[in-house]
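First up is the structure itself, then whatever we jot down about it.
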Amino acid sequence: MVLEPVKIGSLTCIPLHPTFGAEIRGVDFSVRPLPDNVIKDIVTAQHKFGVTVYRNTGLNDQSHVAFSYQLGELEMCPKLNGPNQPPRFSEPELFDAGNTDMEGNIIKKNSRSKGNALWHTNSKWWKLIDIVQDSSFNQRRSKYSLLLAHMIPAKGGDTMYADVRTAYKDLPQSKKDELKDLVVCHNLWHSRKVAAPEEFKDATEYEMSQKPPAYHKLVQAGPDGRETLFIAAHAEYIVGKPREEGQKLIKELLEHCIQPQYTLAVKWSTPGDLVFWDNRITMHRATPFSDQMEKRDMRRTTVFDDSPTAYGVEPSTLMPL
Ligand code: OGA
Ligand code: MN
């Protein structure tokens, strides 16, 4: 199927899939800051497509962060491995999604020195635990992620996305009725322990206290009002349901969302490529590459949500299990 380009203001959007995702042409990232009308078009394109790809932007750490601030307030990269974890970048907003250490060497498999690398680079194809909505484990959740490539491997390492808005729309009405008022507990330690039980079985009280669980409604309106699901790998249980039953439902929904008709693989072509996605309406996962042989240096900014449900469901209002 040939998909027609869509014009949004000064932008040309080349659809990558029938229901979501587009490559965007027409932004000159050397203009800093970007004019307000261009930012407005970028956001309009983002809300329409959910995943937008900008090729060869020429952005660096500083301009990546500065551009991201034009889209909202940014998360600071959490020090999930303790307060003394050294930062690899001078910008505290940058999250390290690559496979290299402070010296630029490849991180060895199963090393705990960089927890996030575990499920991003040490994962098998199609494990449900790889599929995330970034920062869903925060009570104050985030809306956008902007991932900039610095080094890419010769082969593999695409990023996969699922169109959760369309997947939700296609559910039978009886399922939608069942899901309507449910609240999900999201917990970083749940996903880490499932992904890497050996490495995280000795997680300390300090570590766990740095990231307590968060509570969010399962069905929420996306930025254009269309409903969507907020679940993915950090979802530990459904409030008020026996643990097993909730996990079964979470798994069933994830399996529904990652069916081929809802997914899209984005290939990274060159350093400077930027992929911008909305965690409220898409899920994503990294895919394998030869991570013990090749370097892949990817850096991410994360923009806080500012919608009415940004702060999730206040834990004190929930019935105990
Ligand atoms: C991330 C992420 C995917 C990738 O940065 O949050 O999931 O392919 N990255 O690196
Ligand atoms: Mn991610």
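Sequence positions, counted from 1, serve as the residue numbers for this chain. Just so it is clear, the structure is predicted and the values come from calculations on it, not from any experiment. Side chains included, hydrogens not; waters and symmetry mates left out as well; all remaining heavy atoms used.
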Where Cys257 and Met283 come nearest, the two heavy atoms and their spacing: SG-CE, 3.9 Å
Residues, nucleotides or ligands: over 12 heavy atoms within 6.0 Å of Lys248 NZ: no
Where Tyr161 and Phe20 come nearest, the two heavy atoms and their spacing: O-CZ, 3.6 Å
Side-chain donor or acceptor of Thr263 paired with backbone N/O of Ala162 under 3.5 Å: no
Heavy-atom side-chain contact between Val313 and Val239 under 4.5 Å: no
Between OG1 on residue Thr100 and CE on residue Met298, distance to nearest 0.5 Å: 11.5 Å
Path from Leu71 to Phe49 over hydrophobic side-chain contacts below 4.5 Å: no
Step-by-step side-chain contact (heavy atoms from CB on, under 4.5 Å) determination, Cys77 to Leu94: CA-CA 6 Å; Cys77 179; Leu94 288 176; 6.0 Å; no
Asp177 bridged to Lys175 by N-O distance under 4.0 Å: no
Pairwise side-chain contact, Ile258 with Leu254, heavy-atom cut-off 4.5 Å (strictly under): no
Test: Arg300 cationic atom under 6.0 Å from Phe95 six-membered ring centre, within 45° of axis: yes
Leu34 vs Phe67, side-chain contact (heavy atoms from CB on, under 4.5 Å): CA-CA, chis, key distance, verdict: CA-CA 7 Å; Leu34 285 172; Phe67 166 54; 3.7 Å; yes
Parallel, tilted or perpendicular, as decided by the 30° and 60° cut-offs, for the rings of Trp189 and Phe200: perpendicular
Residue pair Glu227 / Gln220, side-chain donor-acceptor N/O under 3.5 Å: no
Thr282 side chain reached by Asp163 side chain, heavy atoms, under 4.5 Å: no
Salt bridge (Lys or Arg N to Asp or Glu O under 4.0 Å) partner of Arg141, chosen from Asp305, Asp306, Asp278, Asp134: Asp305
Main-chain N/O of Arg280 paired with Lys143 side-chain donor or acceptor, under 3.5 Å: no
Side chain proximity check, Met76 to Glu93, heavy atoms < 4.5 angstrom: yes
Test item: Lys176 side-chain N/O and Lys169 main-chain N/O as donor-acceptor pair under 3.5 Å: yes
Least distance between heavy atoms, Ile24 atom then Ala45 atom: CD1-CB, 4.1 Å
Nearest non-hydrogen partners of Asp96 and Gly98, listed with the distance: OD1-N, 3.1 Å
Closest non-hydrogen atom pair between Pro213 and Cys185, with its separation: CB-SG, 3.6 Å
Pair Tyr237 and His190, ring centroids less than 6.0 Å apart: no
Sidechain N-carboxylate O distance under 4.0 Å for Glu23, Arg25: yes
Asp273/Lys267 under salt bridge (Lys or Arg N to Asp or Glu O under 4.0 Å): CA gap, chis, key distance, verdict: CA-CA 10 Å; Asp273 282 358; Lys267 285 205 182 311; over 6 Å; no
Sidechain N-carboxylate O distance under 4.0 Å for Arg88, Asp101: no
Note, Phe289 side chain near Asp158 side chain (heavy atom, < 4.5 Å): no
Cluster overlap Val53 with Trp268, hydrophobic side-chain contacts below 4.5 Å: yes
Salt bridge (Lys or Arg N to Asp or Glu O under 4.0 Å) between Asp297 and Arg299, intermediate numbers included: CA-CA 7 Å; Asp297 185 348; Arg299 307 177 190 183; 2.7 Å; yes
Min side-chain heavy-atom separation Leu249-Leu179 under 4.5 Å: yes
Test ring pair (Phe, Tyr, Trp, His ring centres under 6.0 Å) applied to His256 and Tyr168, step by step: CA-CA 9 Å; His256 171 70; Tyr168 174 78; 9.1 Å; no
Check: Thr44/Asp41 side-chain N/O donor and acceptor closer than 3.5 Å: no
Distance, nearest 0.5 Å, that separates CD of Gln247 from NZ of Lys241: 13.0 Å
Crowding at OH, Tyr311 (>12 non-hydrogen neighbours, <6.0 Å): no
Side-chain donor/acceptor of Gln133 to backbone N/O of Ile231, under 3.5 Å: yes
Residues Thr270 and Arg55: side-chain donor-acceptor under 3.5 angstrom: no
Donor-acceptor contact present, side-chain Thr57 to main-chain Tyr54, <3.5 Å: no
Polar side-chain atom of Gln292 near backbone of Lys108 as donor-acceptor pair, under 3.5 Å: no
Stepwise side-chain contact (heavy atoms from CB on, under 4.5 Å) check, Leu253 with Leu171: CA-CA 9 Å; Leu253 293 172; Leu171 287 173; 4.2 Å; yes
Parallel, tilted or perpendicular: rings of His47 and Tyr144 (30°, 60°): tilted
Asn187 and Glu236: side chain donor to acceptor below 3.5 Å: yes
Working for side-chain contact (heavy atoms from CB on, under 4.5 Å), residues Val183 and Leu218: CA-CA 5 Å; Val183 173; Leu218 175 57; over 6 Å; no
Side-chain (Glu207) to main-chain (Thr204) donor-acceptor, under 3.5 angstrom: yes
Reported SG-to-CD distance for the pair Cys13 and Gln46, which is rounded to 0.5 angstrom: 10.5 Å
Whether over 12 other heavy atoms sit under 6.0 Å from Gln173 CD: yes
Distance-only donor-acceptor check, side chains His234 and Ser136, under 3.5 Å: no
4.5 Å side-chain heavy-atom contact, Ile131 and His284: no
Backbone N/O of Asn138 and side chain of His216: donor-acceptor pair under 3.5 Å: yes
Side-chain (His64) to main-chain (Leu146) donor-acceptor, under 3.5 angstrom: yes
Enclosure of Lys217 NZ (heavy-atom neighbours >12, cutoff 6.0 Å): yes
Contact summary for Thr228 and Gly222, nearest pair of heavy atoms: CG2-N, 3.9 Å
Heavy-atom side-chain proximity of Lys7 to Thr12 below 4.5 angstrom: yes
Atom pair OG1 (Thr301) and CG (Leu147), whose distance is rounded to the nearest 0.5 Å: 8.5 Å
Parallel, tilted or perpendicular: rings of Phe230 and His186 (30°, 60°): tilted
Single-linkage hydrophobic cluster, 4.5 Å side-chain cutoff, Val275 and Leu16 together: yes
Flag if over 12 foreign heavy atoms under 6.0 Å of CE, Met293: no
Test: Arg140 cationic atom under 6.0 Å from Phe304 six-membered ring centre, within 45° of axis: yes
